[in-house]
Visitor: 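First, the structure itself, so that you have it in front of you.
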Amino acid sequence: MGFSQAPPQLQNPYDEDPLLAGYVRRKLGGGEHGPALEAELRKLGEVAIEYYGKSLADRENEPVLTQWDAWGNRIDHIEVSPLWRDAQKLAAEHGMVAAAYEPTHGAGARLHQMAVVLLLGPSLDLYSCPLAMTDGAARTLIASGNNELIKDYVPHLITRDPAQAWTSGQWMTERTGGSDVGTTETVARQDADGQWRLYGTKWFTSATTSQVALTLARPEGGAAGSRGLAMFAVETRDANGRLRNILVNRLKDKLGTRKVPTAELTLDGAPARLVGNLTDGVRAITPMLGTTRTWNAISAVGLMRRGIALAKDFATRRTAFGSLLIDKPLHIDTLAGLEAEYAGAFMLAFRMAELLGRAEHGVADEAEAALSRVLTPVGKLTTGKQAVAVVQEAIEACGGAGYVEDTGLPRLLADANVLPIWEGTTNVLSLDTLRALSKAGVPETVVADVQRAANAAHAMELIEPARQAVAAAVAAMTWAAETFDAPDRLEAGARRFAMTLGRAMSLAYLCEHAQWCLDQGEAGGPMLASAARRYAQAGVNQLTPMSLADARQLVAPVGKVAQGT
Ligand code: MFK
């Protein structure tokens, strides 16, 4: 028998990651709940290992749509994978949504919830998708003030009782677009008895097995664009489990997230309940966007951690050219770069969650509310791109095994690729960042937060990274101010601008946290200081001047000379 390589093993992700443990101690560990929380998270780490194994075993199972029964009845039944059926119960019991609505940690409830999501999410085959939308639906309904809908739906969305738990979908994307939602074609008509019914096609409805969904439709005769849309809640099935005037046309054949039953739907008079006004549906659904974008960022961080953890473990088991990979300087250098990116992404995503929680608990001041509005697109877009890059390197660190499906490793990269796409693409969110910063005083608020975090870092080794974070944030705002009167150039540079802001904020929060860990004698302190330095050395300011005239020339049809500057 020849050589056989030991596969990478997942270690307890709570014990394996000093960043998470230290952060939780800093933000939630001070009070009487600290020890219980630590025990809870360590136990969840064990559950994550168990379900990682199950997800490998369940790898080939995908959702199946059966449109007709043997007797010719249209049933549109979707059978999800066995792991997804387990995940439904597991997610409720461990409070993956509920924890955000519970009083134990006060305004830190979101941080508690997102620590749970970070640990469990990567083992649950993207079941975090329906959970994100469920959480978003609960927040959106609560924000709507529609007491009847709140009473009927919210308890199901935020319960820990699996028998009572529902998930919610979010149906926005149509054939006209997933970004330009104002072009929605679905029409809402009211029956003589006042019942609203929806008619149209929803082109990309993730997690179609949910019991309820929030969606947008244009009340007949309504104005064009997003102003004329209204938000509706749709209960998908009747008491017998039959879809209510909803046809599942087909499941999507996607690059990744293959366990998520994403479908194209026809709404053929689906009964719906108006949530708020007859207009301004996009504005009404924005609490959903803020929540799912935060989940997206945490999920990006979770996938990065999973990839790094497996790559690091593999490096302790794989020998090449006479020594273990973990002892080779170039391999160490490669993994170190991933750890630094992970640390920056972690700090950004958890700052998003922290601010969301403070706003929900009514303790966020005006500056924090403005910061949260900016951080939502910036955090989502920055971490989404990082996840793809980091996970790609992590599977490459496993060599050919990283490219072979039955190791389970390629799925990480396929799944990571959804993160920059859904819930607002990188470009759409870059433009949203500019919009969020266009209100007077907001740029100064963002720079002040970067400065505040950087100022907290006084250890010698953190001075330079902290300085770099502030310099990049100031440079970004200066560029935006100077380019404001040139809308085409502003738009063309929006991604480099938003990325600079994302990296500057990540680095400042990382310096602040590394300092706290050093001050407390936390085991992770020196490692986080190294992460801050490495993150800074990888580059923060992305504002390399790029000529729009060159860009136009590069994408002009062959043989044509581009016009414009
Ligand atoms: C692992 C976890 C992952 C989560 C799983 C989820 C799976 C879901 C699958 C999907 O991907 S569903 C489709 C996702 N699609 C999007 O996220 C939409 C992307 N497009 C945008 O975000 C556009 O910017 C937007 C649709 C919001 C632009 O629409 P409009 O028609 O140009 O709206 P407009 O006029 O800019 O904004 C309308 C109002 O909303 C304005 O307020 P006012 O009426 O008071 O002026 C805006 O200020 C406000 N608004 C817009 N974006 C906002 C916002 N408010 C807060 N936050 C925002 N992000």
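As the structure lists them, so they are numbered: ligands from 1, and atoms in each ligand from 1.
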Visitor: With a 4.0 Å heavy-atom cut-off (strictly under), which part of E174 contacts ligand 1: side chain, backbone, both or neither?
Guide: neither
Visitor: Can you sort out which atoms of ligand 1 are near A132, meaning under 4.0 Å from one of its heavy atoms?
Guide: 2 (C), 4 (C)
Visitor: Please check whether G178 reaches ligand 1 - meaning an N/O of the residue sits under 3.5 Å from an N/O of the ligand, judged on distance alone.
Guide: yes
Visitor: Would you indicate which of M172, Q170, R227 comes nearest to atom 12 (S) of ligand 1 when only heavy atoms are counted?
Guide: Q170
Visitor: Establish, yes or no, whether the cationic atom of R110 lies under 6.0 Å from the six-membered ring centre of Y101 and within 45° of the ring axis.
Guide: yes
Visitor: Would you check if there is a donor-acceptor pair between the side chains of N61 and D58 at a distance under 3.5 Å?
Guide: yes
Visitor: Could you tell me which atoms of ligand 1, counted from 1 in the order shown, lie closer than 4.0 angstrom to a heavy atom of S179?
Guide: 19 (C), 20 (N), 21 (C), 23 (C), 26 (C)
Visitor: Does the protein come close to atom 24 (O) of ligand 1 - that is, does one of its heavy atoms sit below 4.0 Å from that atom?
Guide: yes
Visitor: Does NZ or CZ of R305 fall inside the cone over Y342's six-membered ring, less than 6.0 Å from its centre and within 45° of the axis?
Guide: yes
Visitor: Any nitrogen or oxygen of S299 lying under 3.5 Å from a nitrogen or oxygen in ligand 1? Just yes or no.
Guide: no
Visitor: For F350, what residues pass the ring-ring contact (aromatic ring centres under 6.0 Å, His included) criterion, not counting sequence neighbours?
Guide: Y23, F346
Visitor: Closest by any non-hydrogen atom to atom 3 (C) of ligand 1: pick that one out of W295, W203, W422.
Guide: W422
Visitor: Ignoring hydrogens and geometry beyond distance, is a side-chain donor-acceptor pair present between T291 and R139 at under 3.5 Å?
Guide: yes
Visitor: Within less than 4.0 angstrom of ligand 1, does C129 place any heavy atom?
Guide: yes
Visitor: Please identify which atoms of ligand 1 are closer than 4.0 Å to at least one heavy atom of R293.
Guide: 16 (C), 17 (O), 18 (C), 19 (C), 21 (C), 22 (O), 59 (N)
Visitor: As a check for students: among D280, I298, T286, identify the option with a heavy atom nearest to atom 51 (C) of ligand 1.
Guide: T286
Visitor: With a 4.0 Å cut-off, strictly under, does atom 41 (C) of ligand 1 pick up any protein heavy atom?
Guide: no
Visitor: Show which atoms of ligand 1 fall inside a sub-4.0 Å distance from at least one heavy-atom site of R373.
Guide: 52 (N), 53 (C), 54 (C), 55 (N), 56 (C), 57 (N), 58 (C), 59 (N)
Visitor: Under 3.5 Å, is there a donor on one side chain and an acceptor on the other for N249 and Q67?
Guide: no
Visitor: Under a 3.5 Å threshold, yes or no: a donor from one side chain and an acceptor from the other, between R411 and S55?
Guide: no
Visitor: Would you say R283 has any N or O atom under 3.5 Å from an N or O of ligand 1, going by distance alone?
Guide: yes
Visitor: Between the candidates L126, V428, L303, which shows the shortest non-hydrogen contact distance to atom 21 (C) of ligand 1?
Guide: V428
Visitor: Looking at residues at least two apart in the chain, or sitting in another chain, which of them share a ring-ring contact (aromatic ring centres under 6.0 Å, His included) with W203?
Guide: none
Visitor: Checking T208 against T205: is there a side-chain donor and acceptor pair closer than 3.5 Å?
Guide: yes
Visitor: With respect to atom 59 (N) of ligand 1, which of D432, T291, T184 exhibits the smallest heavy-atom separation?
Guide: D432
